[in-house]
Amino acid sequence: MDEITRARRLTWKVLISNFVVMWLFIAMATALSIVDGRFQWWRAVPALIAAICFTWCCARLLSEMLDHRRYPTRQVVVAAVLALVTAVAGGADPFGWGFVLMCWLGVATLEIPKSTSWSMAAGAWAVGVALGGLSVATGTAIMGFDLPVGVGLVFCALLYGMWGAIVPLSNRMWVWIWTLAVQAHEGREAHTRLALAEERLRFARDLHDLVGHQLSAIAVKTELAVRLSDLDAGAAKAEMAEVNALTRKALRELRQAVRGYRELDLAAELNSVKGVLEAAGVRCELRMPHGELPDGVAPVFAYAVREAVTNVLKHSTATFCDITIRFTAQEAELSVRNDGVARRHSRDLGSGLTGMGERLAAVGGKVSAYPTEDGEFLLKAVVSLPLDG
């Protein structure tokens with residue numbers, strides 16, 4: 001499960017918890033009314049039906065708001081009617097059927113301006129206090145049916161005021177956190193795509209600089225040879241000889257360029273992966289030896305760095321990546337450490353590690369990758385010196 005899915009589930013659970021409290025209050029109010037002999041089935045049954053429909057409607061509302069970032073006004077109005085029916089039929093006790101009004105307020109105030117949400121909160125508070133006072137006056141309130149109406153109204157005003165301030169504010173805060181998480185994730189992906197696009201542009205620019213001049217010269221000399229073919233065959237032949245030489249030179253430089261990118265340049269690869277990691281929000285530290293690496297080691301380590309960083313981006317939620325290269329007279333070692341690859345994901349790295357292992361084995365080296373005791377993930381590539389092959 002990725003971080004976005006986990007954040008969505010947590011936000012959903014927090015929002016749904018209001019409805020769990022609502023049903024607990026309804027169950028408590030029903031049980032107490034039965035014990036006190038004040039249960040009226042002709043009121044409880046329609047209230048129960050309306051509460052069930054209200055819960056189902058609000059679940060759909062939350063799905064629309066979280067997944068599609070849309071405010072379905074018509075469904076909000078339907079939910080408001082169902083909440084009002086529930087409160088009127090069941091008795092708008094703040095600790096009973098009346099809490100449904102606050103659940104509606106918690107959903108209806110999402111994805112709207114603050115001024116509008118406060119207006120809706122004031123309206124829900126007024127309706128709740130009025131209906132709550134009526135339940136006290138008729139003796140159906142479980143919070144104290146023997147209280148004077150004035151005291152009951154004050155009690156309802158305080159409770160509904162507390163619910164009306166806490167529930168919408170809490171829900172809006174969690175949805176805001178969820179929105180920030182989604183935006184951060186989208187921004188991270190956008191930065192990664194941008195870094196990869198810049199790398200492709202760099203390759204295209206380098207390729208153009210390497211062979212562009214020769215191809216332009218070939219085009220000019222070919223055109224000249226065509227014009228000279230009828231006038232001076234010897235000059236045309238000389239021009240075509242130069243075209244042939246330029247073609248061979250361009251082909252040689254093109255092969256060198258492709259081979260260089262295929263075998264990879266370690267310094268360029270380290271700069272590239274550092275840029276990609278930092279664009280993806282991963283802090284990258286490079287620790288390099290003071291001297292130059294022995295012959296043949298740099299291309300092997302460059303490929304290992306690319307594969308290791310690819311795994312960091314694909315399989316982890318790392319916040320840092322430490323790349324260290326060191327060597328002695330006997331061996332050279334590359335280590336890539338990060339804090340994002342979970343233990344359950346480490347076995348999914350098989351195909352990439354297999355290819356890396358084959359490349360290292362071809363020069364007498366070996367690769368190992370494993371989670372450490374402190375919760376990090378470490379990849380090591382070691383080659384003996386001098387290299388085999």
> State, to 0.1 Å, how close Ala121 and Gly164 come at their nearest heavy-atom pair, and which atoms those are.
CB-O, 4.4 Å
> Without swapping roles, check the side chain of Ser119 against the backbone of Ser115 for a donor-acceptor pair under 3.5 Å.
yes
> Report whether Ile34 and Ile26 are members of the same hydrophobic cluster (ILVMFWY, side-chain heavy atoms less than 4.5 Å apart, transitive linking).
no
> Taking the side chain as every heavy atom from C-beta outward, state whether Arg172 and Leu110 have any atom pair closer than 4.5 Å.
yes
> Do Val88 and Leu134 have side chains that get closer than 4.5 Å, going by heavy atoms?
no
> Looking only at heavy atoms, which two atoms of Gly161 and Trp125 are closest? And how far apart?
N-CD1, 3.3 Å
> Does atom CG of Asp295 have more than 12 heavy-atom neighbours, drawn from other residues, nucleotides or ligands, at distances under 6.0 Å?
no
> May I ask you to say whether Glu223 pairs ionically with Arg227, meaning some side-chain N is under 4.0 Å from a carboxylate O?
yes
> For the residue pair Phe95 and Phe155, what are the closest heavy atoms and their distance?
CE1-CZ, 4.4 Å
> Taking Leu15's backbone N and O only, do any of them form a donor-acceptor pair with Asn171's side chain (distance below 3.5 Å, no angle check)?
no
> Might you point out which heavy atoms bring Cys284 and Ile323 nearest each other, and give the distance in Å?
SG-CD1, 4.2 Å
> Side-chain heavy atoms under 4.5 angstrom apart, residues restricted to Ile, Leu, Val, Met, Phe, Trp, Tyr: same cluster for Val78 and Leu61?
yes
> Answer whether the closest heavy-atom distance between the side chains of Leu159 and Met162 falls below 4.5 Å.
yes
> Compare every heavy atom of Ala89 with every heavy atom of Arg43, then report the nearest pair and how far apart it is.
NE-O, 3.0 Å
> Ser17 side chain to Val14 main-chain N or O, any donor-acceptor pair under 3.5 Å?
yes
> If you define the side chain from C-beta out and look only at heavy atoms, does anything of Asn18 sit under 4.5 Å from Trp104?
no
> Shortest non-hydrogen contact from Ala83 to Leu101?
O-CD2, 4.0 Å
> Look at the aromatic rings of Phe99 and Trp163 and report parallel, tilted or perpendicular, splitting at 30° and 60°.
perpendicular
> Would a hydrophobic clustering, with Ile, Leu, Val, Met, Phe, Trp and Tyr connected at side-chain separations under 4.5 Å, put Ile16 with Phe25?
yes
> Does Arg8 make a cation-pi contact with Trp12, if we ask for NZ or CZ under 6.0 Å from the ring centre and within 45° of the axis?
yes
> With a 4.5 Å heavy-atom cut-off, do Val107 and Phe54 have their side chains touching?
no
> Looking at Glu376, is its backbone amide N or carbonyl O close enough to the side chain of Arg337 to form a donor-acceptor pair, meaning the two atoms are under 3.5 Å apart?
no
> Would you indicate whether the side-chain heavy atoms of Phe327 and Val297 approach each other to under 4.5 Å?
no
> Measuring only between side-chain heavy atoms, which start at C-beta, is Val127 closer than 4.5 Å to Tyr160?
no
> Assigning hydrophobic clusters by single linkage (Ile, Leu, Val, Met, Phe, Trp, Tyr; side-chain heavy-atom cutoff under 4.5 Å), is Ile166 placed with Ile112?
yes
> Decide side chain to side chain contact (heavy atoms under 4.5 Å, CB included) for Leu334 and Val300; before the verdict, give the C-alpha distance in whole Å, the side-chain angles of both, and the deciding distance to 0.1 Å.
CA-CA 10 Å; Leu334 162 72; Val300 177; over 6 Å; no
> Do you reckon Leu131 sits in the same ILVMFWY cluster as Leu48, going by side-chain contacts under 4.5 Å, direct or chained?
yes
> Is there a donor-acceptor contact under 3.5 Å from the side chain of Tyr71 to the main chain of Thr109?
no
> Between Ile52 and Trp23, is there a side-chain heavy-atom distance shorter than 4.5 Å?
yes
